[in-house]
Every structure is written in C-alpha cells, then in structure tokens.
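This report refers to the structure that appears directly beneath it.
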Amino acid sequence: MKKYQVAKRPGAGLANSGIWLALAACCVFLSSCGEKPAEPAKPAAEGAAPIAKKKIVVGFSQIGAESGWRAANTESIQSEAKKRGIELKFSDAQQKQENQINALRSFIAQGVDVIAFSPVIVSGWEPVLQDIKKAGIPVVLTDRAVDAKDDSLYATFIGSDFIEEGHRAGEWLAKATGGKAMIAELVGTPGSAPAIDRKKGFEDVLAKNPGMKIIKSQSGDFTRTKGKEVMEAFLKSPEAKQITALYAHNDDMALGAIQAIEEAGLKPGKDILIVSIDGVKGAFQAMADGKLNCTVECNPLIGPQLFDAVEALMAKKTLPKHTGVLESVYEQSQAKDALPTRKY
Ligand code: AHR
C-alpha cells in the first residue's frame, strides 16, 4: 500500500551535507552573543474568546445528475459536509470530462484543502492530477476510479467493486435461467469504470455458462431516456424475438427499458427477465410490481466515508488506497419488505 506523497520542500537534499553543521555552529555562536531567548507562549487570558478552528474547504466535482443513484450520491455528500461544518465547493459536470477538468483547475486556483471527484471516464486524468499534486492538494476519488499508472496522484479511492457487481448480476441470471439465456445488454457510459467493469464481471460468468449469450449490446449512457430508446431499437431488430433476458448496467436504464417492453406489448419480468444494478427505490417498486427480477446493490451513500477521509488527510494520516462499500443483492420476494426502509 503506497502512502500519499507530500511534495518535498525545495533544498531538502541539503540535509545530509556539512552545510547544516556549519549553519548550526553559527546559530549557537549568535545566540550566545546577546540575542534574547524566545519568550514562552502566554496562556490565553481567562474569558478570552477561543481561537477559531479553520474551516476545511473541499472542492467536489460531481459527474452529473444522470440517474437516481447519482441524485442520492450528491445528497449524501452535500448533507454530510453541512453536518460536519465543512465548506463544500460543488460543481456538476453534466457528464462531460472537460467540465470536470475545468472544475478541478478552478479548485486549484481557489486553494481548497482537499479535492474530491467521481471521474466520468477512466482515462485522461494524469495532466490535471499532476497539477493538483504540484499544488500540494490531496485528492480523494469517489465512486469511480481512474486508470492512472502512478497511484501517488491520489490519496485514496472510495467506491464499489464494479466487477463484483457484474459477477453478482451474471450469477443471479445463471441461477434463474438454469444457464440458458439470450441476453440484451444496456451498457453504461462508454469508457466509464462501471460500464467497463460491470461488463467484464458479467462476461466472466457467461464464460462458464455457454448457454448464456449476449445477442444485443449498446450504451444507454446510464439514463432512463436512453435506456428506453435503446430497448425500443432492440425490440425492433431482427433478433427481437430471441431476447429472453435483459442485463442493464443500472436501474435507470432498466426502468426505461421496462416502459419500452410494455409499449411493445410484452411483460417485463416474465417474457423478458431483467437484472440491473444500483438498488434505487424505483427498482424496488418495479420488483414489487413484478416487472424487474433482481437488482444488485451499489451503495451511493458514501458522504460519511468521504469526509472521514478528508478529516484524516487534514490530520496528515495515511489512508488505504481503496475503501470498499457494503452491498447486497435483492430479488422480487424481498422487495415489499425492503421498500419502506430504502434510503435512496
Ligand atoms: O458510477 C456509479 C453508476 O453511475 C451508477 O450505477 C449509475 O446509476 C450512475 O449513473
């Protein structure tokens, strides 16, 4: 496990040279030649106002507001900052990497204490991360990771194991279908960590189940609108009649697809089995209504973990490079009982 690297003071390399010995000797000489010894600090006068603690300032670049999951994630971060009295400079990138990079540069210019962000895609972050490192500002990645080779460019990553989520979705479907399924896949944002890893995890399971095949696959960009559009196109394609199952990389796309399936005169959850990822309330409602079969939880409520990390960094503590998030898998039979206590 690597530690977050703090930039070295210029000239630190002199520490081993004889120059320091000579300087030290001079200081001893000067102090013995009439310089007043420093006065001990006086205790604060009784009744005086306590010295105010400096407010921590965090710059956070959010991906956007593409899904119910994202809305819950934003709420968790904003409310936790408020609860702890941390000043949060929040910026919404509307799913565009260039907006995120501009926000990160503006956080450097504003001299925030810590920068946190959920990178929309995995690649292309090194130059801005190098600049943040040069400015001596620690970085916390939340939700999605980056593919930077040098992991000293960030202090820690707090987020789910998306490959494992893909495994869980695949294993659920393999069990539910006895290993036989013709699958339509709604992929997340191209180049994003959850889209890459959830596909990989799911395909690992297919490799062990030759009766399960992906026959249609396209991105729905993690949104309900695109999920519906793409599912409509799948259902008009020559392979439409072969589709027996849908794997959606998030609940919002699955919920859009459910509408498309119903409009095509089919029964979602029966004619086409549906498994998706996130565990938002809308998915639990769809399971309770018999229209969605399974949701693999991806927990967005990571505000408390983020600000624990921020406070640890302010206290100059070293953090693990990755902290996971606790998650489960839910089926239709659990939906009604779970709904009243779902927090997002
Ligand atoms: O990165 C997490 C994913 O991003 C969630 O599964 C999805 O709903 C969101 O948009």
Side-chain angles (χ1 to χ4, degrees), residues 60-77 92-97 99-100 116-123 125 140-147 154 157-170 172 185-202 219-228 230-231 246-258 274-286 292 294-303 305-306 322-330 342-344:
F60 182 78
S61 166
Q62 179 60 288
I63 290 172
E66 74 282 5
S67 61
W69 188 100
R70 188 65 54 199
N73 180 247
T74 294
E75 208 287 319
S76 170
I77 289 165
D92 176 339
Q94 298 177 348
Q95 296 247 68
K96 291 198 177 77
Q97 185 180 35
N99 291 347
Q100 285 204 289
F117 72 111
S118 294
V120 60
I121 56 171
V122 290
S123 58
W125 300 100
V140 180
L141 300 175
T142 63
D143 164 34
R144 299 185 185 179
V146 296
D147 67 1
Y154 59 92
F157 161 55
I158 301 163
S160 308
D161 181 341
F162 297 136
I163 296 186
E164 179 54 27
E165 291 172 352
H167 283 158
R168 289 177 179 176
W172 179 85
E185 180 188 30
L186 285 170
V187 179
T189 302
S192 69
I196 297 167
D197 292 350
R198 287 173 184 169
K199 187 170 184 59
K200 187 188 177 313
F202 190 78
S219 170
D221 213 9
F222 283 129
T223 69
R224 195 180 286 218
T225 319
K226 286 233 178 102
K228 179 170 189 269
V230 175
M231 192 68 206
L246 171 69
Y247 168 43
H249 287 196
N250 81 343
D251 288 340
D252 276 66
M253 292 190 293
L255 295 172
I258 286 171
I274 308 174
V275 54
S276 61
I277 297 176
D278 273 357
V280 297
K281 266 192 190 151
F284 276 81
Q285 188 57 58
L292 177 77
C294 174
T295 184
V296 174
E297 191 177 39
C298 177
N299 186 356
L301 308 179
I302 53 182
Q305 279 175 283
L306 165 60
H322 179 210
T323 307
V325 185
L326 267 188
E327 290 156 347
S328 310
V329 177
Y330 293 92
R342 285 308 287 172
K343 293 208 172 65
Y344 63 96

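All values below come from the heavy atoms of this structure, side chains included, with hydrogens, waters and symmetry mates left out. Counting starts at 1 for both ligands and their atoms, in listed order. Here the structure is a predicted model, which is why all the values come from computation and not from measurement.
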If the contact criterion is a heavy-atom separation under 4.0 Å, does Asp252 count as touching ligand 1? no
Less than 3.5 Å apart, any donor N or O on the side chain of Thr295 or Asp251 sitting next to an acceptor on the other? yes
Checking Arg342 against Tyr344: charged group under 6.0 Å from the ring centre and within 45 degrees of the axis? yes
Minimum heavy-atom distance Val325-Ser160, with the two atoms named: CG2-N, 4.0 Å
Looking just at side-chain N and O atoms, do Gln305 and Thr323 make a donor-acceptor pair shorter than 3.5 Å? no
Side chain, backbone, both or neither: which part of Arg198 has a heavy atom under 4.0 Å from ligand 1? side chain
Give the contacting part of Pro194 toward ligand 1: side chain, backbone, both or neither, where contact means a heavy-atom distance below 4.0 Å. side chain
Relative to the heavy atoms of Glu66, which atoms of ligand 1 are at a distance of less than 4.0 Å? 4 (O), 9 (C), 10 (O)
Any N or O of His249 that comes nearer than 3.5 Å to an N or O of ligand 1? no
Please identify which atoms of ligand 1 are closer than 4.0 Å to at least one heavy atom of Phe222. 7 (C), 10 (O)
Which residue owns the protein heavy atom closest to atom 4 (O) of ligand 1, what's the atom, and how far is it? Arg144 NH2, 2.8 Å
Near Ser67 (heavy-atom distance under 4.0 Å), the atoms of ligand 1 are 7 (C), 8 (O), 9 (C), 10 (O)
Taking Gly159's backbone N and O only, do any of them form a donor-acceptor pair with His322's side chain (distance below 3.5 Å, no angle check)? yes
Name the closest protein heavy atom to atom 6 (O) of ligand 1, giving the residue it belongs to and the distance to 0.1 Å. Asp278 OD1, 2.6 Å
Are Phe284 and Tyr330 an aromatic pair by the rule of ring centers under 6.0 Å? yes
Parallel, tilted or perpendicular: ring planes of Phe202 versus Tyr247, cut at 30 and 60 degrees: parallel
